[in-house]
Amino acid sequence: MSEDHTLHAFRAVPRTGVIYVTSEAAKSGFTMADPDWCNLGQGQPETGELAGAPPRVKTVPIHVDDQEYAPVAGLWELREAIATLYNRLYRRGLPSQYSAENVAVSGGGRTSLTRAAASLGHINLGHFLPDYTAYEELLDIFKAFTAIPILLEPERGYSFTPDDLRKEILGRGLSALLLSNPCNPTGKLVEGDELARWVATARELDCALILDEFYSHYIYRPRRGALPDGTSKALPWGGLHLTESAARYVENVDRDPVLILDGLTKNWRYPGWRVTWSVGPKQVIDAVASAGSFLDGGGSKPLQRAAIPLLEEGHVTAETLAVHAAFREKRDFLHSRLERIGVRFDRTPDGTFYCWGSVAGLPASMSDGMSFFRAALEHKVITVPGEFFDVNPGKRRSGRASRFRDYVRFSFGPSQATLEKAVARFEEMVKG
């Protein structure tokens, strides 16, 4: 039997963009331990110490009862801590408050997404192009709902207004919409009054918003309430939107059709912990927890317990301010240097830690995302071709080149030193 033989009972499961590019890089000698490689394809932030951030957790105690399974919906104490944090960040003074029953904890971002998808009925579910690569297989594997693509236009900076939302819901009969906010890969952020109108439209038309807010602490646009000199430490959470969430604009936490997904993965810079959560109406949380009972069985009990202190308001404030300072500097550096070599950007990212740009103006040998990726591998730099973000469940839109074939996602998740090394190699690569 040949090594590439596949048993007829099993299908070939495609890799997500990040897994694909790291697998291809491994064929060229890439390993995580090799400091000579620059992984600008990575979907995680740097996880070490940052100036001004709380000390990183280096040990996790394991209690005797931590050897047992955690509840599928998560430890009650952690669910309470998450609800309390959301109320303090986004719902001060509002009559409707989240409780532990509005929260379910799961073992990773994809797990929370899978639970949500498994809880949907026979509906039309809208999703945007471009968006997070892992949505593609997720939207194909569950057959109860029909995935409806919605095009975002580069020439509009990927904007999508509340009026656009209303037209799509009514015109396509959408009962739910899945999106990342800020968007992976474009960095487009829906915030403030615009996000409030999104939530109001969803409430009025009974269309569920499933919001992947894993990058909601990585926001770089000037914020309302910032001090004239650009600093923000003197302002309290209530007057300063260090982060953004649809939770701020929900009227009734148990009636508004808003499900929020987040976790320690990006915003707390602990991707290896696999501690994430869903926040929404109790009825929806019951459904996603029930889905977890047969999909994954629940997350790690010791790590859930260790996560509780990380949700203390002072800790979150310090970590977020440190992230803003460090990642804004990296964004500005990478964006400007890539522009200098000829990468064209439709917008400067408002959030996330990605720059999304077109390489169509570069030399012909590297003027599309895949050829740029291959050329960069020869210089020990990893990127992600844009076509992976052209979410296409079931490959129903086959036979045509992707609208984003000329695009590349560049991550500024790695350290500043890694970015500087990668940019120098890009410059050498383009010069030939």
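We count residues from 1, following the sequence as given.
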Decide, yes or no, whether a salt bridge links R115 with D296 under the criterion of side-chain N to carboxylate O below 4.0 Å.
->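 Yes, R115 and D296 are salt-bridged.
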
Ion pair check, R344 and D406, cut-off under 4.0 Å |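 A salt bridge is absent here (no side-chain N lies under 4.0 Å from a carboxylate O).
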
Quick one: does any side-chain atom of [X] pair with a main-chain N or O of [Y] as donor and acceptor, under 3.5 Å?
{"X": "Q44", "Y": "G413", "result": "no"}
{"X": "H315", "Y": "P309", "result": "no"}
{"X": "N102", "Y": "S99", "result": "yes"}
{"X": "D140", "Y": "E137", "result": "no"}
{"X": "T320", "Y": "T317", "result": "no"}
{"X": "R331", "Y": "P349", "result": "yes"}
{"X": "Q97", "Y": "L94", "result": "yes"}
{"X": "R425", "Y": "H379", "result": "yes"}
{"X": "S245", "Y": "R248", "result": "no"}

How many angstroms lie between atom [atom1] of [X] and atom [atom2] of [Y], to the nearest 0.5 angstrom?
{"X": "L177", "Y": "E168", "atom1": "CG", "atom2": "CD", "result": "9.0 Å"}
{"X": "E313", "Y": "T84", "atom1": "CD", "atom2": "OG1", "result": "10.5 Å"}
{"X": "L261", "Y": "E213", "atom1": "CG", "atom2": "CD", "result": "8.0 Å"}
{"X": "L189", "Y": "T352", "atom1": "CG", "atom2": "OG1", "result": "9.5 Å"}
{"X": "M370", "Y": "R405", "atom1": "CE", "atom2": "CZ", "result": "10.0 Å"}

Shortest non-hydrogen separation from [X] to [Y] and the atoms involved:
{"X": "G263", "Y": "W268", "value": "O-CE3, 3.4 Å"}
{"X": "V359", "Y": "F410", "value": "CG1-CZ, 4.5 Å"}
{"X": "G187", "Y": "P182", "value": "O-CB, 4.4 Å"}
{"X": "V105", "Y": "G74", "value": "CB-CA, 3.7 Å"}
{"X": "S411", "Y": "L334", "value": "O-CD2, 4.0 Å"}
{"X": "N252", "Y": "S96", "value": "CA-OG, 3.5 Å"}

For residues 280-293, which side-chain N or O atoms pair as donor and acceptor with protein atoms under 3.5 Å away, sequence neighbours left out?
unit_1, atom_1, unit_2, atom_2, d
S290, OG, D286, O, 3.0
S293, OG, S290, O, 2.4

Taking the six-membered ring for Trp, is the centroid-to-centroid distance between F426 and F372 below 6.0 Å?
->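 For F426 and F372, the ring centres are under 6.0 Å apart.
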
Flag the pair F404 / W356 as yes when their ring centroid distance falls below 6.0 Å, and as no otherwise.
->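 Between F404 and W356, the centre distance is under 6.0 Å.
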
Should the pair F412 and F353 be assigned to parallel (<30°), tilted (30 to 60°) or perpendicular (>60°) ring geometry?
->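 If you compare the ring of F412 with that of F353, the planes turn out perpendicular.
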
Parallel, tilted or perpendicular for Y215 and Y354, by the 30°/60° rule?
->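 Geometry flag for Y354 against Y215: perpendicular rings.
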
Testing I150, L165, L125 for side chain to side chain contact (heavy atoms under 4.5 Å, CB included) with L174, which one passes?
->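 In the set I150, L165, L125, the residue that makes a side chain to side chain contact (heavy atoms under 4.5 Å, CB included) with L174 is I150.
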
For residues 270-280, pull every pair meeting salt bridge (Lys or Arg N to Asp or Glu O under 4.0 Å), keeping only residues two or more places apart or in separate chains.
->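 Of all non-adjacent pairs touching residues 270-280, none passes salt bridge (Lys or Arg N to Asp or Glu O under 4.0 Å).
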
Can you list everything that forms a side-chain contact (heavy atoms from CB on, under 4.5 Å) with [X]? Sequence neighbours excluded, please.
{"X": "R305", "result": "H63, D65, D66, L75, E77, K301"}
{"X": "E339", "result": "H335, F345"}
{"X": "D332", "result": "R328"}
{"X": "N267", "result": "S216, H217, Y218, D262"}

Counterpart residues, salt bridge (Lys or Arg N to Asp or Glu O under 4.0 Å), relative to [X] (two or more places apart):
{"X": "K330", "value": "E46"}
{"X": "R79", "value": "none"}
{"X": "E427", "value": "R337"}
{"X": "E153", "value": "R403"}

Hey, could you give me each pair passing side chain to side chain donor-acceptor pair (under 3.5 Å) that has a residue in residues 359-377? Not counting sequence neighbours.
->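 For residues 359-377: Y20-R374, E24-R374, D368-S371.
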
Is the number of heavy atoms from other residues, nucleotides or ligands within 6.0 Å of CD (E329) greater than 12?
->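 Counting neighbours around CD of E329, 12 or fewer heavy atoms of other residues, nucleotides or ligands fall under 6.0 Å, so no.
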
Could you go through the side chain to side chain donor-acceptor pair (under 3.5 Å) check for Y90 and T243 one step at a time?
-> CA-CA 9 Å; Y90 310 118; T243 70; 2.6 Å; yes

By ring pair (Phe, Tyr, Trp, His ring centres under 6.0 Å) - contacts of F214 (at least two apart) |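 By the ring pair (Phe, Tyr, Trp, His ring centres under 6.0 Å) rule, F214 matches no residue at all.
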
Check step by step if salt bridge (Lys or Arg N to Asp or Glu O under 4.0 Å) holds for K188 and D346.
-> CA-CA 10 Å; K188 174 69 173 70; D346 301 308; over 6 Å; no

Report yes if some heavy atom in the side chain of D256 is under 4.5 Å from a heavy atom in the side chain of Y249; otherwise report no.
->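 D256 vs Y249: side chains apart.
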
